Amino acid sequence: MNISISIQSDDFSHNEEYQKLCNDSPRIGAIVTFCGLVREFDDSNGKGLFLEHFAGMTEKTLENICKQAAERWPIISMRIVHRIGAMELGEQIVFVGVNSAHRKAAFHACEFIMDFLKTDAPFWKKALTKDSDYWVEAKASDTEAANTWKK
Amino acid sequence: MNISISIQSDDFSHNEEYQKLCNDSPRIGAIVTFCGLVREFDDSNGKGLFLEHFAGMTEKTLENICKQAAERWPIISMRIVHRIGAMELGEQIVFVGVNSAHRKAAFHACEFIMDFLKTDAPFWKKALTKDSDYWVEAKASDTEAANTWKK
Amino acid sequence: MLQLRFFASLRDQLNCDGESLDWNDNFSIASDVRKVLVARGTPWDTLSKSTVLIAINQEMGNDETTINDGDEIAFFPPVTGG
Amino acid sequence: MLQLRFFASLRDQLNCDGESLDWNDNFSIASDVRKVLVARGTPWDTLSKSTVLIAINQEMGNDETTINDGDEIAFFPPVTGG
């Protein structure tokens with residue numbers, strides 16, 4: 001089981017991540033990828049986002065989430081790329097990709113990783129708008145999504 | 001809401017499909033993709049697969065599955081590519097990609113489409129091995145997966 | 001006239017990918033056609049298996065689906081795509 | 001000595017991203033440090049909010065987590081990545 005985690009300010013190549021997930025074992029039957037983009041917000045008043053994180057703790061947390069996923073499902077590889085710093089509308093923020101022999105394992109592990117990334121990994125988003133900048137509030141729905149896995 | 005369905009014998013570019021899902025609206029916040037590959041089978045006796053389908057009914061069925069997904073979740077676009085004919089080990093068989101403002105919608109719609117593609121779309125796999133060729137048996141777990149959405 | 005079609009392992013067993021079948025005024029639902037075919041004996045009796053799926057005019061149906069003169073009726077094994 | 005760290009909106013409110021705090025033999029759990037900071041008054045009393053998260057040596061903890069001399073204790077608002 002392989003885990004690759006990268007925290008970077010540069011944009012990433014979705015295709016390179018996918019190709020790595022494709023090629024690392026002949027046992028792979030299913031690849032699921034998630035990608036988060038900076039979408040329009042504040043009635044098109046939004047210009048972009050600034051992502052802050054807690055270096056060190058972020059990597060540890062994400063690795064721990066991946067290990068938990070691998071205990072639940074027969075995963076072959078997991079890859080996470082999360083950007084930090086300033087991003088404009090439409091830019092890629094985060095990539096999570098999982099491969100497995102079976103599709104359900106790949107789907108569920110990818111969703112699990114995203115749910116816990118959202119509630120446990122120390123990233124904070126600042127919204128940059130034409131008028132002002134403000135810290136984005138956490139959403140109760142994200143906590144609920146992570147909690148459904150604990151049942 | 002856009003639906004793109006392609007049944008083809010040629011391989012497809014995962015990256016092109018992803019880029020189309022990335023670029024079609026500034027409201028997109030989440031993209032989930034599934035890709036199925038021909039994996040090793042029969043203790044490495046397997047050489048590949050041959051995919052047969054019921055032309056016409058396949059496209060209708062997949063479009064209908066996408067429309068049902070769009071009734072359940074706020075989807076922006078859905079793209080399906082399914083290959084037919086002969087494929088070797090490691091080759092891409094099927095792509096399903098969904099985008100939405102929200103990650104849960106994208107995850108669930110993508111999984112829903114795959115589950116019903118597996119049970120309702122008229123494709124049949126023939127396994128090609130060093131010794132013989134045989135039709136792949138349907139799996140009860142696929143029927144169960146589709147049934148969970150009916151609850 | 002009905003257009004019958006057979007796919008995958010079923011086609012291989014029947015060694016036939018389709019045929020035209022004259023309309024019969026006793027035909028009312030899909031199982032009426034299935035019975036006529038099964039009555040031909042081996043290998044057609046394989047169509048009596050409960051796992052055989054039926055599509056009428058390219059939409060999934062079942063034994064109870066109403067059929068009409070001119071319909072296309074397809075018989076096939078459980079699907080295995082994806 | 002404890003190394004304290006503050007992130008995101010909390011850092012902005014405190015106008016401080018961290019400080020060293022002398023070890024005090026009364027320190028036993030994370031809430032002991034939180035109380036010392038809150039006692040400083042505005043803006044530090046924002047740390048009394050129940051939503052404030054605490055990580056000890058880069059692992060998520062809470063008010064009851066045992067602390068030791070030399071630990072790094074981070075305070076931050078709910079996370080919003082992804």
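Quick caveat: nothing in here was measured; it's all calculated off a predicted structure. Proteins get letters first, then strands, A, B, ... in listed order; numbering begins at 1 in each. Both backbone and side-chain heavy atoms feed into the values below; hydrogens, waters and symmetry mates do not.
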Subject >> Neighbour count above 12 (heavy atom, 6.0 Å) for C:Q3 CD >> reply: yes
Separation between OG1 (B:T58) and CD (C:Q58), nearest 0.5 Å, reads 8.5 Å
In short, C:E72 meets B:F54 closest at the heavy-atom pair OE1-CZ, 3.5 Å
Honestly, the part of B:K60 sitting under 4.5 Å from a heavy atom of chain C is side chain
B:A138 and C:V79 have their tightest heavy-atom pair at CB-O, 3.9 Å
task = Answer yes or no: is there a donor N or O on one side and an acceptor on the other, between the side chain of B:W124 and the main chain of C:P77, under 3.5 Å?
result = yes
Residues at least two apart in sequence or cross-chain that pass side-chain contact (heavy atoms from CB on, under 4.5 Å) with B:D120, listed by chain then number, are B:T61, B:I65, B:F116
Honestly, the part of B:K139 sitting under 4.5 Å from a heavy atom of chain C is neither
Checklist entry - Given side chains that start at C-beta, do those of C:F7 and B:M57 come closer than 4.5 Å, heavy atoms only? => result no
Turns out that what part of C:D12 lies under 4.5 Å from chain B's heavy atoms comes down to side chain
* Counting only N and O atoms by type, is there a donor-acceptor contact under 3.5 Å from the side chain of C:T80 to the main-chain atoms of B:K125? -> yes
Value for OG (C:S9) from CD (B:E137), rounded to nearest 0.5 Å, stands at 7.5 Å
